[in-house]
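Quick note on labels: first sequence line is chain A, next is B, and so on, each numbered from 1. Not measured: the values here are computed from a predicted model.
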Protein chains: 2
Amino acid sequence: MTDYMLEAIKEAQKAMKKGEVPIGAVVVKDGKIIGRGRNKREKEQNALAHAEIVAIHKACKKLNSWRLDGAEIYVTLEPCPMCAGAIVNARIKKIIYATGDTTSKDKLCETICESLRLNHKVEIEKGKYEKTCKGLLKEFFKDKRNKKADY
Amino acid sequence: MTDYMLEAIKEAQKAMKKGEVPIGAVVVKDGKIIGRGRNKREKEQNALAHAEIVAIHKACKKLNSWRLDGAEIYVTLEPCPMCAGAIVNARIKKIIYATGDTTSKDKLCETICESLRLNHKVEIEKGKYEKTCKGLLKEFFKDKRNKKADY
(Lines give C-alpha, C1' and ligand atoms only; values in the text may rest on other atoms or scores of the structure.)
Protein backbone atom coordinates (compact mmCIF):
# COMPACT_ATOMS: atom_id res chain seq x y z
CA MET A 1 0.00 0.00 0.00
CA THR A 2 1.28 3.43 -0.90
CA ASP A 3 2.49 5.52 2.00
CA TYR A 4 0.82 8.75 0.94
CA MET A 5 2.62 10.92 3.46
CA LEU A 6 5.91 9.89 1.83
CA GLU A 7 4.48 11.17 -1.45
CA ALA A 8 3.65 14.49 0.22
CA ILE A 9 7.20 14.59 1.61
CA LYS A 10 8.60 14.09 -1.91
CA GLU A 11 6.69 17.19 -2.95
CA ALA A 12 8.04 19.12 0.05
CA GLN A 13 11.57 18.09 -0.90
CA LYS A 14 11.04 19.33 -4.45
CA ALA A 15 9.88 22.67 -3.03
CA MET A 16 13.02 22.83 -0.88
CA LYS A 17 15.25 22.28 -3.91
CA LYS A 18 13.59 25.23 -5.59
CA GLY A 19 14.18 27.49 -2.59
CA GLU A 20 10.57 27.37 -1.41
CA VAL A 21 9.39 26.68 2.15
CA PRO A 22 9.26 22.84 2.05
CA ILE A 23 5.60 21.90 2.26
CA GLY A 24 3.93 19.22 0.14
CA ALA A 25 0.48 17.70 -0.22
CA VAL A 26 -1.35 14.94 -2.07
CA VAL A 27 -5.10 14.42 -2.48
CA VAL A 28 -6.13 10.76 -2.43
CA LYS A 29 -9.43 9.23 -3.48
CA ASP A 30 -10.30 5.55 -3.77
CA GLY A 31 -6.67 4.64 -3.16
CA LYS A 32 -5.34 6.85 -5.96
CA ILE A 33 -3.47 10.14 -5.88
CA ILE A 34 -5.64 12.58 -7.83
CA GLY A 35 -3.66 15.76 -7.09
CA ARG A 36 -0.13 16.62 -6.01
CA GLY A 37 1.10 20.00 -4.88
CA ARG A 38 4.08 21.75 -3.42
CA ASN A 39 4.51 25.25 -2.15
CA LYS A 40 5.36 27.56 -5.08
CA ARG A 41 4.72 30.95 -3.57
CA GLU A 42 8.07 32.53 -4.39
CA LYS A 43 8.44 31.10 -7.88
CA GLU A 44 4.93 32.07 -8.88
CA GLN A 45 4.83 35.21 -6.73
CA ASN A 46 1.36 34.13 -5.77
CA ALA A 47 0.02 34.26 -2.21
CA LEU A 48 -2.37 31.42 -3.07
CA ALA A 49 0.24 28.91 -4.24
CA HIS A 50 0.35 26.79 -1.09
CA ALA A 51 0.84 23.03 -1.48
CA GLU A 52 -2.76 22.18 -0.57
CA ILE A 53 -4.25 24.74 -2.98
CA VAL A 54 -2.11 23.45 -5.84
CA ALA A 55 -3.10 19.84 -5.04
CA ILE A 56 -6.83 20.61 -4.70
CA HIS A 57 -6.79 22.59 -7.96
CA LYS A 58 -5.28 19.59 -9.75
CA ALA A 59 -7.70 17.15 -8.13
CA CYS A 60 -10.72 19.25 -9.20
CA LYS A 61 -9.34 19.34 -12.75
CA LYS A 62 -8.70 15.61 -12.74
CA LEU A 63 -12.24 14.76 -11.61
CA ASN A 64 -13.81 17.73 -13.40
CA SER A 65 -15.68 18.39 -10.18
CA TRP A 66 -15.47 20.99 -7.44
CA ARG A 67 -16.66 18.32 -5.02
CA LEU A 68 -13.99 15.94 -3.82
CA ASP A 69 -16.33 13.92 -1.61
CA GLY A 70 -14.64 11.05 0.16
CA ALA A 71 -11.14 12.32 -0.66
CA GLU A 72 -8.34 12.70 1.88
CA ILE A 73 -5.49 15.17 1.83
CA TYR A 74 -2.04 14.27 3.16
CA VAL A 75 0.01 17.33 3.98
CA THR A 76 3.41 17.73 5.61
CA LEU A 77 2.35 20.74 7.72
CA GLU A 78 -0.98 21.52 9.41
CA PRO A 79 -2.96 23.69 6.98
CA CYS A 80 -3.23 27.47 7.35
CA PRO A 81 -6.73 29.06 7.46
CA MET A 82 -6.83 29.58 3.67
CA CYS A 83 -5.99 25.94 3.00
CA ALA A 84 -8.26 24.61 5.75
CA GLY A 85 -11.09 26.68 4.24
CA ALA A 86 -10.31 25.34 0.76
CA ILE A 87 -10.39 21.77 2.10
CA VAL A 88 -13.83 22.40 3.61
CA ASN A 89 -15.07 24.08 0.41
CA ALA A 90 -13.94 21.09 -1.66
CA ARG A 91 -15.83 18.75 0.74
CA ILE A 92 -12.68 16.75 1.43
CA LYS A 93 -13.37 14.13 4.10
CA LYS A 94 -10.14 14.08 6.05
CA ILE A 95 -6.85 15.90 6.60
CA ILE A 96 -3.79 13.90 7.63
CA TYR A 97 -0.90 16.19 8.56
CA ALA A 98 2.59 15.28 9.74
CA THR A 99 3.62 18.24 11.85
CA GLY A 100 1.62 20.89 13.67
CA ASP A 101 1.70 24.58 12.83
CA THR A 102 3.77 26.12 15.58
CA THR A 103 3.40 29.70 14.30
CA SER A 104 0.16 30.02 16.19
CA LYS A 105 -1.74 28.47 19.04
CA ASP A 106 -5.12 29.67 17.82
CA LYS A 107 -6.14 26.23 16.48
CA LEU A 108 -7.79 27.87 13.49
CA CYS A 109 -7.42 24.79 11.28
CA GLU A 110 -9.45 22.79 13.76
CA THR A 111 -12.03 25.56 14.24
CA ILE A 112 -12.53 25.94 10.47
CA CYS A 113 -12.78 22.19 9.89
CA GLU A 114 -15.34 21.83 12.65
CA SER A 115 -17.50 24.80 11.65
CA LEU A 116 -20.95 23.78 10.52
CA ARG A 117 -21.31 26.65 8.03
CA LEU A 118 -21.47 24.26 5.08
CA ASN A 119 -22.95 21.33 6.93
CA HIS A 120 -19.66 19.59 6.26
CA LYS A 121 -17.06 18.77 8.87
CA VAL A 122 -13.55 17.66 7.99
CA GLU A 123 -11.83 15.04 10.16
CA ILE A 124 -8.26 15.80 11.21
CA GLU A 125 -5.60 13.21 11.96
CA LYS A 126 -2.04 13.66 13.10
CA GLY A 127 -0.09 11.35 10.80
CA LYS A 128 3.41 9.85 10.71
CA TYR A 129 6.74 11.51 9.96
CA GLU A 130 6.43 14.48 12.29
CA LYS A 131 10.20 14.60 12.82
CA THR A 132 10.96 14.34 9.11
CA CYS A 133 8.61 17.16 8.16
CA LYS A 134 9.58 19.39 11.06
CA GLY A 135 13.23 18.66 10.24
CA LEU A 136 12.76 19.76 6.63
CA LEU A 137 11.29 23.07 7.78
CA LYS A 138 14.02 23.60 10.38
CA GLU A 139 16.72 22.86 7.82
CA PHE A 140 15.17 25.32 5.41
CA PHE A 141 15.08 28.05 8.01
CA LYS A 142 18.45 27.34 9.59
CA ASP A 143 20.19 29.88 7.38
CA LYS A 144 17.44 32.37 8.00
CA ARG A 145 17.48 32.31 11.75
CA ASN A 146 17.43 36.03 12.05
CA LYS A 147 14.59 36.29 9.58
CA LYS A 148 11.06 35.69 10.73
CA ALA A 149 9.53 32.53 9.25
CA ASP A 150 7.05 34.19 6.97
CA TYR A 151 4.74 31.60 5.47
CA MET B 1 -13.80 58.84 -7.58
CA THR B 2 -14.57 55.30 -8.58
CA ASP B 3 -17.13 53.54 -6.44
CA TYR B 4 -15.27 50.26 -6.12
CA MET B 5 -18.17 48.36 -4.61
CA LEU B 6 -20.16 49.07 -7.77
CA GLU B 7 -17.32 47.44 -9.72
CA ALA B 8 -17.54 44.39 -7.47
CA ILE B 9 -21.31 44.34 -8.04
CA LYS B 10 -20.75 44.37 -11.82
CA GLU B 11 -18.66 41.22 -11.37
CA ALA B 12 -21.40 39.63 -9.26
CA GLN B 13 -23.96 40.42 -11.97
CA LYS B 14 -21.74 38.77 -14.60
CA ALA B 15 -21.55 35.67 -12.38
CA MET B 16 -25.36 35.65 -12.08
CA LYS B 17 -25.75 35.77 -15.87
CA LYS B 18 -23.56 32.69 -16.12
CA GLY B 19 -25.65 30.80 -13.57
CA GLU B 20 -23.13 31.18 -10.77
CA VAL B 21 -23.86 32.35 -7.22
CA PRO B 22 -23.59 36.14 -7.70
CA ILE B 23 -20.50 37.23 -5.81
CA GLY B 24 -17.90 39.68 -7.10
CA ALA B 25 -14.68 41.26 -5.85
CA VAL B 26 -12.08 43.82 -6.86
CA VAL B 27 -8.61 44.41 -5.39
CA VAL B 28 -7.63 48.08 -5.28
CA LYS B 29 -4.21 49.58 -4.70
CA ASP B 30 -3.18 53.22 -4.96
CA GLY B 31 -6.61 54.07 -6.37
CA LYS B 32 -6.42 51.51 -9.16
CA ILE B 33 -8.19 48.19 -9.64
CA ILE B 34 -5.41 45.61 -9.93
CA GLY B 35 -7.59 42.49 -9.90
CA ARG B 36 -11.21 41.64 -10.64
CA GLY B 37 -12.95 38.38 -9.87
CA ARG B 38 -16.31 36.73 -9.90
CA ASN B 39 -17.44 33.39 -8.62
CA LYS B 40 -16.78 30.72 -11.27
CA ARG B 41 -17.09 27.55 -9.24
CA GLU B 42 -19.63 25.78 -11.45
CA LYS B 43 -18.15 26.76 -14.79
CA GLU B 44 -14.64 25.79 -13.76
CA GLN B 45 -15.75 22.94 -11.49
CA ASN B 46 -13.19 24.25 -9.06
CA ALA B 47 -13.83 24.60 -5.34
CA LEU B 48 -11.24 27.39 -5.20
CA ALA B 49 -12.82 29.64 -7.83
CA HIS B 50 -14.44 32.14 -5.44
CA ALA B 51 -14.53 35.81 -6.48
CA GLU B 52 -11.86 36.87 -3.98
CA ILE B 53 -9.45 34.09 -4.98
CA VAL B 54 -9.81 34.96 -8.66
CA ALA B 55 -9.25 38.66 -7.92
CA ILE B 56 -6.21 38.05 -5.67
CA HIS B 57 -4.68 35.69 -8.24
CA LYS B 58 -4.98 38.40 -10.89
CA ALA B 59 -3.62 41.10 -8.58
CA CYS B 60 -0.54 38.99 -7.73
CA LYS B 61 0.04 38.42 -11.44
CA LYS B 62 -0.39 42.10 -12.22
CA LEU B 63 2.13 43.20 -9.57
CA ASN B 64 4.29 40.08 -9.97
CA SER B 65 4.28 39.88 -6.19
CA TRP B 66 2.63 37.62 -3.63
CA ARG B 67 2.52 40.61 -1.29
CA LEU B 68 -0.31 43.03 -1.89
CA ASP B 69 0.67 45.38 0.94
CA GLY B 70 -1.59 48.40 1.25
CA ALA B 71 -4.24 46.91 -1.05
CA GLU B 72 -7.95 46.76 -0.23
CA ILE B 73 -10.48 44.21 -1.41
CA TYR B 74 -14.09 45.15 -2.12
CA VAL B 75 -16.38 42.15 -2.08
CA THR B 76 -20.14 41.83 -2.34
CA LEU B 77 -20.38 39.14 0.36
CA GLU B 78 -18.40 38.69 3.58
CA PRO B 79 -15.53 36.30 2.75
CA CYS B 80 -15.61 32.60 3.66
CA PRO B 81 -12.69 31.16 5.71
CA MET B 82 -10.72 30.19 2.58
CA CYS B 83 -10.98 33.69 1.14
CA ALA B 84 -10.35 35.41 4.48
CA GLY B 85 -7.22 33.27 4.86
CA ALA B 86 -6.10 34.15 1.33
CA ILE B 87 -6.59 37.85 2.07
CA VAL B 88 -4.40 37.52 5.17
CA ASN B 89 -1.77 35.52 3.27
CA ALA B 90 -1.61 38.20 0.57
CA ARG B 91 -1.10 40.86 3.27
CA ILE B 92 -4.10 42.83 2.05
CA LYS B 93 -4.76 45.76 4.36
CA LYS B 94 -8.53 45.95 4.41
CA ILE B 95 -11.72 44.12 3.46
CA ILE B 96 -14.81 46.11 2.55
CA TYR B 97 -17.86 43.87 2.17
CA ALA B 98 -21.43 44.80 1.32
CA THR B 99 -23.48 42.08 2.96
CA GLY B 100 -22.75 39.74 5.84
CA ASP B 101 -22.52 35.97 5.53
CA THR B 102 -25.74 34.70 7.03
CA THR B 103 -24.90 31.01 6.54
CA SER B 104 -23.07 31.00 9.82
CA LYS B 105 -22.79 32.92 13.04
CA ASP B 106 -19.30 31.73 13.84
CA LYS B 107 -17.63 35.03 12.81
CA LEU B 108 -14.76 33.09 11.26
CA CYS B 109 -13.87 35.87 8.80
CA GLU B 110 -13.28 38.22 11.71
CA THR B 111 -11.39 35.61 13.75
CA ILE B 112 -9.08 34.79 10.83
CA CYS B 113 -8.45 38.45 9.99
CA GLU B 114 -7.60 39.21 13.61
CA SER B 115 -5.35 36.22 14.19
CA LEU B 116 -1.76 37.20 14.84
CA ARG B 117 -0.29 34.07 13.22
CA LEU B 118 1.41 36.10 10.49
CA ASN B 119 1.85 39.27 12.47
CA HIS B 120 -0.59 40.81 10.02
CA LYS B 121 -4.13 41.86 10.86
CA VAL B 122 -6.70 42.75 8.21
CA GLU B 123 -9.18 45.54 8.89
CA ILE B 124 -12.81 44.82 8.09
CA GLU B 125 -15.40 47.38 7.09
CA LYS B 126 -19.07 46.98 6.32
CA GLY B 127 -19.54 48.92 3.10
CA LYS B 128 -22.45 50.29 1.10
CA TYR B 129 -25.00 48.42 -1.03
CA GLU B 130 -26.01 45.77 1.47
CA LYS B 131 -29.54 45.59 0.06
CA THR B 132 -28.33 45.37 -3.54
CA CYS B 133 -25.90 42.54 -2.83
CA LYS B 134 -28.27 40.64 -0.57
CA GLY B 135 -30.98 41.13 -3.19
CA LEU B 136 -28.81 39.62 -5.91
CA LEU B 137 -28.21 36.53 -3.80
CA LYS B 138 -31.90 36.22 -2.86
CA GLU B 139 -32.92 36.55 -6.48
CA PHE B 140 -30.44 33.88 -7.48
CA PHE B 141 -31.74 31.48 -4.89
CA LYS B 142 -35.43 32.26 -5.28
CA ASP B 143 -35.95 29.38 -7.70
CA LYS B 144 -33.95 27.11 -5.48
CA ARG B 145 -35.84 27.63 -2.29
CA ASN B 146 -36.05 23.99 -1.51
CA LYS B 147 -32.37 23.51 -2.20
CA LYS B 148 -29.86 24.41 0.45
CA ALA B 149 -27.70 27.41 -0.49
CA ASP B 150 -24.48 25.53 -1.01
CA TYR B 151 -21.64 27.98 -1.47
Cut-off 4.5 Å, heavy atoms of chain A, and the answer for N64(B) is both
So which part of L63(B) gets closer than 4.5 Å to some heavy atom of chain A, the side chain, the backbone, both or neither?
-> neither
Could you go through the side chain to side chain donor-acceptor pair (under 3.5 Å) check for E44(B) and W66(A) one step at a time?
-> CA-CA 8 Å; E44(B) 296 197 355; W66(A) 66 262; over 6 Å; no
Heavy-atom check, side chain of P81(A) versus side chain of M82(B), under 4.5 Å | no
With the side chain counted from C-beta on, respond yes when N89(A) and H50(B) share a heavy-atom pair under 4.5 Å apart, and no when they do not.
-> yes
Measuring from Q45(A):CD to R67(B):CZ, what's the distance to the nearest 0.5 Å?
-> 10.5 Å
Say you draw a straight line from CD1 of I112(A) to SG of C80(B); how long is it, rounded to the nearest 0.5 Å?
-> 9.5 Å
[X] atom [atom1]: more than 12 heavy-atom contacts under 6.0 Å:
X	atom1	answer
K29(A)	NZ	yes
K126(A)	NZ	yes
K14(A)	NZ	yes

Taking [Y] as the starting point, is it possible to reach [X] by hopping between hydrophobic residues whose side chains are less than 4.5 Å apart?
X	Y	result
L68(B)	Y97(B)	yes
L77(A)	L136(A)	yes
I9(A)	I73(A)	yes
V28(B)	V122(B)	yes
M16(A)	Y74(A)	yes

Interchain contact, A90(A) with chain B, by part (heavy-atom threshold 4.5 Å) | both
Proximity breakdown for N46(A) and chain B, heavy-atom pairs closer than 4.5 Å | both
Where is the tightest heavy-atom contact between [X] and [Y], given as atom of each residue plus distance?
X	Y	value
L48(B)	I53(A)	CD1-O, 3.5 Å
A47(A)	C60(B)	N-SG, 3.7 Å
S115(B)	L108(A)	CB-CD1, 3.7 Å

So which of A59(A), A49(A), A86(A), S65(A) has the largest heavy-atom pair count under 4.5 angstrom toward chain B?
-> S65(A)
